[in-house]
Each structure stands twice: as structure tokens, then as C-alpha cells.
Amino acid sequence: MSRALFTEHEPAALRLLAQGRTQVEIARTLRIRPQTVGRLLNRARILLRARTLPHAVARGYETGLLGP
């Protein structure tokens, strides 16, 4: 999985989701609208070829997108 496919905010939003943050909390942290967070997470899910957001978090770690 190429990191070049992701915007700066997509992995950040996914990382915060993995920490248990809500969309509203993620939005406040990234200083964007909650609706935008939903779009970022959905796009990350699609790029990671995941069925659900928890699956996207797991795939993010598997691919190295979210850390070692």
C-alpha cells in the first residue's frame, strides 16, 4: 500500500479512531468538520480495501500505514 495514495489527514483520522476517539473528537483535533472526518475515514477504508472501519484500522497496522 503506497502512502502516496493517502492525504495527510486520512492516516491521522484513522490513527485517532484507533485510539478510540469519536468523529467529533477527531474533527476538533484535526480542526475540520465532523462530516469531513466521515469522508476521510471512508476513503481510507476504501483505499485499504477494508469492509468496516475497525477492519480499516487493522489493515492500517498490517500495511504499516499507522505505525510499525
Side-chain angles (χ1 to χ4, degrees):
M1 178 67 35
S2 173
R3 287 180 181 239
L5 296 175
F6 293 86
T7 67
E8 179 182 333
H9 279 119
E10 289 161 349
L14 200 57
R15 197 171 294 110
L16 291 167
L17 182 70
Q19 294 172 3
R21 305 276 180 88
T22 66
Q23 278 191 221
V24 172
E25 292 168 334
I26 294 169
R28 284 188 193 129
T29 301
L30 299 179
R31 295 185 173 158
I32 56 178
R33 294 176 9 169
Q35 295 86 349
T36 304
V37 172
R39 285 193 288 276
L40 291 171
L41 291 172
N42 189 52
R43 185 169 186 278
R45 181 188 61 77
I46 290 167
L47 288 171
L48 289 165
R49 297 181 180 172
R51 294 179 306 276
T52 63
L53 287 177
H55 186 211
V57 169
R59 293 276 301 137
Y61 282 112
E62 287 171 4
T63 62
L65 180 68
L66 297 181

Worksheet item: With no hydrogens and no angle check, do the side chains of Arg39 and Asn42 hold a donor and an acceptor under 3.5 Å apart?
Response: no
Worksheet entry | Interatomic distance, Glu10 atom CD to Ile46 atom CD1 [nearest 0.5 angstrom] | 10.0 Å
Worksheet, complete the sentence: Nearest heavy-atom approach of Phe6 to Ala44 is CE2-CA, 4.0 Å
Item to complete: Would you check if the side chain of Arg45 reaches a backbone N or O of Ala50 as a donor-acceptor pair within less than 3.5 Å?
Response: yes
Discussion item. Exactly one of Thr22, Ile26, Leu66 should register a side-chain contact (heavy atoms from CB on, under 4.5 Å) with Leu17. Which one does?
Written reply: Ile26
Discussion item. Quick check: closest heavy atoms across Ala27 and Pro34, and the distance to 0.1 Å?
Written reply: CB-N, 3.6 Å
Practice prompt. Could you pull out the closest heavy-atom pair between Arg21 and Thr29, with the gap in Å?
Written response: NH1-OG1, 3.5 Å
Worksheet item: Going through the distances and angles, do Glu62 and Arg59 end up as a salt bridge (Lys or Arg N to Asp or Glu O under 4.0 Å)?
Response: CA-CA 5 Å; Glu62 287 171 4; Arg59 293 276 301 137; 3.2 Å; yes
Worksheet entry | Contact check, side chains of Leu30 and Leu16, non-hydrogen atoms, under 4.5 Å | yes
Response to the item:
Rounding to 0.5 Å, atoms CG (Leu48) and OH (Tyr61) come to a distance of 12.5 Å
Worksheet item: Should we say atom CD of Gln35 is surrounded by more than 12 heavy atoms from elsewhere, each under 6.0 Å from it?
Response: yes
Worksheet item: What do the steps show when you test Leu40 against Ile32 for side-chain contact (heavy atoms from CB on, under 4.5 Å), and what is the final call?
Response: CA-CA 11 Å; Leu40 291 171; Ile32 56 178; 3.5 Å; yes
Worksheet item: Mind checking whether Leu41 and Val24 sit in one hydrophobic cluster, side chains of I, L, V, M, F, W, Y counted as touching below 4.5 Å?
Response: no
